[in-house]
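One structure below.
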Amino acid sequence: MAAGPATLAPALSAAVDDVVAVPVGNLCATQLQDRIGAVSRERDRLDGWLSAAAGQLTTMTGGQVSTDDGGARSVAGWLAETTRTSSPAAGARLKTSMALRVLPLVVDAVLDGRLSQDQAAVLARLVGKIPDSLLQAVQPQMIEVAAGRDPAA
């Protein structure tokens, strides 16, 4: 059963609290490596979820969300404020998340930890340059190749 809004934030906060409760100075090198690897993988999964959710929110709302004063603002502007990033960074995230809607297996690979959001963003650049049907057909191969690569390369 999925956690509802009232239980998700406390549960997620509690998990993060457990990780950060131990000062990094109290850990040996092996423990630090293990924890850095685990935290990085889970951070990537959460980042992928955030991107997929932002793309879904954009689609559902036509790119506009309600404000507390009864007005509206762009999802990109709201996302920039919510994630404490710049407007261009939020816009780039939304552009990537919208492109990834064409590649559901790539999104799944991010959510299950096989790809990072950065690796998926590289694959998202292919959307619009190659027919969607072809991209969808070769998603397993794209995931396999991307999983072993540095996104910057």
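Computed from a predicted structure; not experimentally measured. Here, residue 1 is the first one in the sequence, and each next residue gets the next number.
If you chain together hydrophobic residues whose side chains sit under 4.5 Å apart, Met142 and Val102 fall into the same group. Leu115 and Val122 fall into different hydrophobic clusters, where Ile, Leu, Val, Met, Phe, Trp and Tyr side chains are chained together by heavy-atom contacts under 4.5 Å. Cluster membership check: Met98 does not share its hydrophobic cluster with Val110, using side-chain heavy-atom separations under 4.5 Å among Ile, Leu, Val, Met, Phe, Trp and Tyr. If you chain together hydrophobic residues whose side chains sit under 4.5 Å apart, Leu100 and Leu134 fall into the same group. If you chain together hydrophobic residues whose side chains sit under 4.5 Å apart, Val39 and Trp49 never meet in one group.
The nearest pair of heavy atoms linking Ala76 to Ala90 is O-CB, 3.5 Å. Ile130 approaches Leu135 most closely through the heavy-atom pair O-CD1, 3.7 Å. A pairwise comparison of heavy atoms in Gln117 and Thr96 identifies NE2-CG2, 3.9 Å as the closest pair. The two residues Ala72 and Gln64 come nearest to each other via the heavy atoms CB-OE1, 3.9 Å. When all heavy atoms of Val75 and Ala54 are compared, the pair lying nearest together is CG1-O, 4.3 Å. Ser74 and Val65 get closest at one heavy-atom pair: O-CG2, 4.3 Å.
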N/O donor-acceptor pairs under 3.5 Å from side chains in residues 19-37, not counting sequence neighbours:
{"unit_1": "Gln31", "atom_1": "OE1", "unit_2": "Cys28", "atom_2": "N", "d": "2.8"}

Only distances under 3.5 Å count here; give the side-chain donor-acceptor pairs of residues 144-153 to other protein atoms, sequence neighbours excluded, each with its distance to 0.1 Å.
{"unit_1": "Arg149", "atom_1": "NH1", "unit_2": "Val145", "atom_2": "O", "d": "3.3"}
{"unit_1": "Asp150", "atom_1": "OD1", "unit_2": "Ala152", "atom_2": "N", "d": "3.0"}

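Through chains of ILVMFWY side-chain contacts below 4.5 Å, Leu46 is grouped with Leu12.
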Kindly indicate, with the supporting measurements, whether the criterion side-chain contact (heavy atoms from CB on, under 4.5 Å) is fulfilled by Thr67 and Arg73. CA-CA 7 Å; Thr67 59; Arg73 97 183 272 193; 3.9 Å; yes
After noting the C-alpha distance and the side-chain angles of Leu79 and Thr58, does the key distance pass the side-chain contact (heavy atoms from CB on, under 4.5 Å) rule? CA-CA 10 Å; Leu79 186 63; Thr58 299; over 6 Å; no
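For Asp47, the side chain to side chain donor-acceptor pair (under 3.5 Å) partners two or more places apart in sequence, or in a different chain, are Arg93. Here Gln56 pairs with Arg101 under the side chain to side chain donor-acceptor pair (under 3.5 Å) rule; sequence neighbours left out.
A distance of 9.5 Å separates CD in Glu81 from OG in Ser87, rounded to the nearest 0.5 Å. Considering CG of Leu123 and CD of Gln119, their distance stands at 8.0 Å, rounded to 0.5 Å.
Between the side chain of Gln136 and the main chain of Ser133, no donor-acceptor pair closer than 3.5 Å is present.
Annotation for Asp68: atom CG does not count as buried by contact number, only 12 or fewer foreign heavy atoms lying within 6.0 Å.
The salt bridge (charged side-chain N to carboxylate O under 4.0 Å, His left out) analysis of residues 115-132, with sequence neighbours excluded, yields no pairs.
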